[in-house]
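Below: the structure, in structure tokens.
Residues take their numbers from the sequence shown, with the count starting at 1. These numbers come from the heavy atoms of this one structure, side chains and all, not from hydrogens, waters or symmetry mates.
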Amino acid sequence: MDIKPLVQSAVDAYGRAYAPYSRFQVGAAVETDDGRIFAGCNVENAAYPEGTCAEAGAIAAMVMAGGRHIRRVVVCGGGDAACTPCGGCRQKIREFGAPQTPVTMVSPSGTVRLVRTLAELLPDSFGPDNLR
């Protein structure tokens with residue numbers, strides 16, 4: 001499967017981020033099992049920390065469109081290091097993804113910086129299957 005459209009969606013979302021306070025833009029894109037792509041960007045708020053993360057926005061768009069399973073994720077962030085999802089977003093991804101779901105972190109130019117599975121980012125996770 002070609003990851004380029006997913007990477008491009010995350011990079012495009014990065015460019016639309018609203019980060020006037022931290023100046024740290026983040027874009028994310030999730031892909032569903034049927035190949036649909038949903039993107040989101042971080043949106044800061046003067047009443048910090050009431051902003052929203054890029055991953056949360058992408059997941060909300062997916063759910064709104066009827067998606068319920070994440071096949072893979074791309075996160076785009078600036079800086080010198082890979083921009084990994086925060087702890088809360090790791091748990092949000094876990095709600096709709098499996099431990100083996102790949103999470104790819106890219107630069108604003110789309111260069112892959114790091115690839116991890118969700119299990120590597122959130123070991124021994126608690127998910128929907130724990131409540132069955």
Side-chain angles (χ1 to χ4, degrees):
M1 286 182 272
D2 186 14
I3 197 169
K4 289 178 187 174
L6 191 61
V7 169
Q8 190 59 55
S9 292
V11 169
D12 291 346
Y14 168 88
R16 293 184 179 102
Y18 179 75
Y21 307 107
S22 72
R23 307 244 190 280
F24 191 81
Q25 295 171 255
V26 181
V30 298
E31 182 182 65
T32 59
D33 283 340
D34 60 5
R36 292 182 296 161
I37 294 173
F38 300 92
C41 62
N42 61 321
V43 179
E44 294 181 348
N45 189 295
Y48 181 83
E50 294 302 317
T52 56
C53 294
E55 300 89 335
I59 292 168
M62 178 194 76
V63 170
M64 183 65 185
R68 293 293 186 270
H69 188 271
I70 295 172
R71 179 175 21 202
R72 54 190 178 169
V73 179
V74 172
V75 179
C76 177
D80 294 331
C83 179
T84 61
C86 72
C89 285
R90 293 174 193 207
Q91 186 64 47
K92 288 173 181 69
I93 295 166
R94 177 63 181 92
E95 185 68 20
F96 300 99
Q100 67 272 16
T101 299
V103 181
T104 302
M105 284 65 69
V106 302
S107 71
S109 67
T111 301
V112 173
R113 290 184 166 166
L114 184 66
V115 180
R116 294 285 185 263
T117 65
L118 185 55
E120 290 172 311
L121 293 173
L122 190 65
D124 302 318
S125 67
F126 184 86
D129 48 317
N130 293 101
L131 299 175
R132 291 195 177 102

Is the closest side-chain heavy-atom distance between Cys41 and Gln25 below 4.5 Å? no

For residues 95-105, run the donor-acceptor check on the side chains, cut-off 3.5 Å, and write out each pair with its distance to 0.1 Å, sequence neighbours left out.
residue : atom : partner : partner atom : Å
Thr101  : OG1  : Ala98   : N            : 2.8
Thr101  : OG1  : Ala98   : O            : 2.8

Checking Val75 against Val26 for the side-chain contact (heavy atoms from CB on, under 4.5 Å) test, could you report, in this order, the C-alpha distance in whole Å, the side-chain angles of both residues, the deciding distance, and whether it holds? CA-CA 7 Å; Val75 179; Val26 181; 3.9 Å; yes

Given 3.5 Å as the limit, does a donor-acceptor pair link the side chain of Arg113 with the main chain of Cys83, or not? no

Report yes or no: does Glu55 contribute a side-chain atom to a donor-acceptor pair with the main-chain N or O of Cys89 at less than 3.5 Å? no

Path from Ile3 to Val112 over hydrophobic side-chain contacts below 4.5 Å: yes

Tell me every residue that passes side-chain contact (heavy atoms from CB on, under 4.5 Å) with Phe38, counting only those two or more places apart in sequence or in another chain. Val30, Thr32, Arg36, Ala61, Met62, Ala65

Group every Ile, Leu, Val, Met, Phe, Trp and Tyr by side-chain heavy-atom contacts under 4.5 Å, then state whether Val115 and Val73 land in the same group. no

Do you know which two heavy atoms are closest between Pro108 and Gly77, and how far apart they sit? CD-O, 3.4 Å

Do Ile37 and Ile93 land in one hydrophobic cluster if side-chain heavy atoms of ILVMFWY residues count as linked below 4.5 Å? no

Checking the side chain of Arg90 only, and the main-chain atoms of Pro85 only, is there a donor and an acceptor separated by less than 3.5 Å? yes

Using 0.5 Å steps for rounding, measure from the NZ atom of Lys4 to the CG atom of Leu6. 13.5 Å

What closest approach, in Å, do Ala10 and Ala29 show between heavy atoms, and which atom pair accounts for it? N-CB, 3.8 Å

Distance, nearest 0.5 Å, that separates CD1 of Ile70 from CD1 of Ile59: 4.0 Å

Please say yes or no: joined through hydrophobic side-chain contacts below 4.5 Å, possibly via intermediate residues, are Leu114 and Leu118 part of one cluster? yes

Review item, side-chain donor-acceptor pairs of residues 121-132, under 3.5 Å, at least two apart:
residue : atom : partner : partner atom : Å
Ser125  : OG   : Arg94   : NE           : 2.7
Asp129  : OD1  : Arg94   : NH2          : 2.8
Asn130  : OD1  : Gly127  : N            : 2.7

Are the side chain of Asn42 and the backbone N or O of Phe24 linked by a donor-acceptor pair below 3.5 Å? yes

Report yes or no: does Glu31 contribute a side-chain atom to a donor-acceptor pair with the main-chain N or O of Arg71 at less than 3.5 Å? no

Heavy-atom pair with the smallest gap, counting every atom of Ala58 and Ala28: CB-O, 3.9 Å

